[in-house]
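Below you'll find the structure, written out as C-alpha cells, and then a few comments.
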Amino acid sequence: MMQLGYAEEDFRDRPVIGILSTWSELNTCHSHFPERVKDVKRGVLQAGGFGVEMPALSVDESFTKPTSMLYRNMLAMETEEMIRSHPLDGVVLMGGCDKTTPGLVMGAISAGVPMIYLPAGPMLRGNYAGKVLGSGSDAWKYWDERRAGNFSDEDWLGVQGGIARSAGTCMTMGTAATMMSIADAMGLTLPGASSIPAVDANHQRMAAACGRRIVEMVWDDLTPGKIVTPQACRNAAIVAMATGCSTNAVVHLIAMARRAGVAMTLDDLDALGRVTPLIANVRPSGKDYLMEDFYYAGGLRALMKQLGDRLDLGVLTVSGQTLAETLDGAEVYNDDVIRPLSNPVYAEGSLAVLRGNLCPDGAVIKPAACDPKFYMHEGPALVFDSYPEMKKAVDDESLAITPDTVMVLRNAGPLGGPGMPEWGMLPIPKALIKQGYRDMLRISDARMSGTSYGACVLHVAPESYVGGPLALLQTGDMIRLDLPNRRLDMLVDDAELARRKAAWVAPEPRFERGWGWMFSRHVTQADQGCDFDFLQTGFGKSAAEPDIF
Ligand code: FES
C-alpha cells in the first residue's frame, strides 16, 4: 500500500472495502464506472473506510462471443474468489449490463462478506427523427422493416446513432433493468437505486452513499445471508412480475436465490406470475414508456409502494432499514407509467411456465409481450438444428410456410448453444413479413433478449442437446400450445417418441480443454438456473477459507 503512496493512517484500523468494477472499453453500458469508482471512494473515505478498486470480468452483452451467458458463472466464481482471497471487510459491486448483476451477486452471496450492489442505471431514452427509440426492441422492429425493404440505409444509420446516446444500460425493461430492479427488490441496493439514469447527478450521489453505507454495514456485520432470505427472494420475484420482467429473470433469479440456500423453482415463479398484475408500463411488455420515464414517475420505490402488502415489508435491506421503512414517502408521479393495481397494463402474465411432452422440466413464455391469438395455438413444426440453417431459411422468400407454422430451433440450450444464446426470438421468415405478418409461434431451448417480444417459447428443458424431447421433434409434427392450462405438447404418440428416442445419438463432446470443458461438465439446465453444480449452496461443505500466517 505504501508503494501506492498511501500512509499507514490511510488504512490502519479502517474497514477495507473492495470496489468490484465490471468496467471495460467493450462494455459500453459501464463507460461511466471510472467516474463512479471515485464517487464510491469518496463515500468510503468519509465514513472512515479504505476503498480499493478491483476490476472484475466485464461480461459485456454487446460483444461477448457466443453469448455473455457462457461467462456469467465465470464472473460469479471470480467475484467469490476475489473476495475470499483478499483482505476485504466489505464490497461494493458495480454492474448492470445483463449478466453482471447475477454474476456479481451470486459470487458475493457465496463469499458472505457485507456487500452492497451499485447498479449502473439505464441510459437516456433513444431518439431519432422525432421518434423515441427503445434499446433492442426498436432495433428488432426496424431490422424487420429493413428486411421487408421498408427502411433505407440512411434511416438505419440514424437509428444506430440515436438509439444509444449516453452511458448506461439498455433503457427498456430488458434483462439489465430487470436484474437491477430484482437486486433492488431483494434489498441489495440502496432503496430505489436501480431506477436512477446512469448520467443523472443523483447517480453520482447514490454511488457516494454506497461508499458510506458499506463501511457502516461492515461495523454492523450486515452480511448478505441476513438480507437474501426466502421472503426477500419472493419479493424480488413479485416485483419482477409487476415490472414485466425479461424472461432471463427466471434463470438468474433461481440461481441467485439458490446461492442463498433458497430453493426457488419455476413453479413458484409461475404461481406468482398468475396473481401479480403488470403495472410498469415500460416497453417491451408495456406500451409506451422507457426507464427514464419510470424514474421520473417515481421509480421502483413507487412501484413497490403500489404493491403494498403483496410484499413482505418486514425484510431487512442493505440500508439497515426494513423494506417498509425504505418505502416510506414513496409516491407515484405519473399513474400512466406506474399504474395502480386497479388499472394494470395486464392483470397477469409477465411470465408463464409451460409443461408438456415437449418440455417436461419446463419452458417459459412472456404472454404480455405476444399477440393473444397465440395463447391457444396448433400448427405444424418447422424444425431447424442450427442457427445458420434457420437463418438461411428465413431469408428464402420461397420458403413453404404459413402463419400457423411453429418455427423451432434446437441445439441452442445451455450445452447446445453453448451458453444458451439469445436466439429465441427467431426472425420472422421474409415470406411472411412480405405478407404483413410480424409475429408467429416460435419454440427453442435458447433464451431471448429481455428487449425482445413475440410469441416465443424459450428455455425448453431438458434441452435437445442432451436428448430432451425437443430432440425428437420432426418437421411436420403438430404442436399444441395451451397457455391457459400451461401446456406445450407435440401431438406424437408415445410409441413413436420411444422409437425416435432409441434412434437418437448424443453429439460428440465439443470442448477438450479450457472454460468450455469446465462449463460443459458442470452447467445445470435452465430450470435449475444454469449455475454450476459444484457452486450451488448445499454442494458439499462450504468453501475453505484461506489460512493467514
Ligand atoms: Fe448492456 Fe443491454 S447491452 S444492458
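Numbering of ligands and ligand atoms starts at 1, following listing order.
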Donor-acceptor contacts under 3.5 Å from residues 239-254 side chains, at least two apart:
unit_1: Thr243; atom_1: OG1; unit_2: Val239; atom_2: O; d: 3.2
unit_1: Thr243; atom_1: OG1; unit_2: Ala240; atom_2: O; d: 2.8
unit_1: Ser246; atom_1: OG; unit_2: Thr175; atom_2: OG1; d: 2.9
unit_1: Ser246; atom_1: OG; unit_2: Asn248; atom_2: N; d: 2.9
unit_1: Asn248; atom_1: OD1; unit_2: Arg447; atom_2: NH1; d: 3.1
unit_1: Asn248; atom_1: ND2; unit_2: Thr175; atom_2: OG1; d: 2.8
unit_1: Asn248; atom_1: ND2; unit_2: Glu422; atom_2: OE2; d: 3.0
unit_1: Asn248; atom_1: ND2; unit_2: Met448; atom_2: O; d: 3.3
unit_1: His252; atom_1: ND1; unit_2: Arg72; atom_2: NH1; d: 3.0

Which atom pairs, one a donor and one an acceptor, fall under 3.5 Å between side chains of residues 118-130 and the rest of the protein, sequence neighbours left out?
unit_1: Arg125; atom_1: NE; unit_2: Asp293; atom_2: OD1; d: 3.0
unit_1: Arg125; atom_1: NH2; unit_2: Asp293; atom_2: OD1; d: 2.6
unit_1: Tyr128; atom_1: OH; unit_2: Asp155; atom_2: OD1; d: 3.0

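Arg146 is linked by a salt bridge (Lys or Arg N to Asp or Glu O under 4.0 Å) to Asp153, counting only residues two or more places apart in sequence or in another chain.
Using a 4.0 Å cut-off between a side-chain N of Lys or Arg and a carboxylate O of Asp or Glu, Arg339 and Asp336 qualify as a salt bridge.
Counting only protein N, O or S atoms, 1 lie closer than 2.8 Å to atom 2 (Fe) of ligand 1.
Arg84 places no side-chain N or O within donor-acceptor distance of the main-chain N or O of Met82, the cut-off being under 3.5 Å.
Checked by atom type, the side-chain pair Arg258/Gln528 shows a donor-acceptor distance below 3.5 Å.
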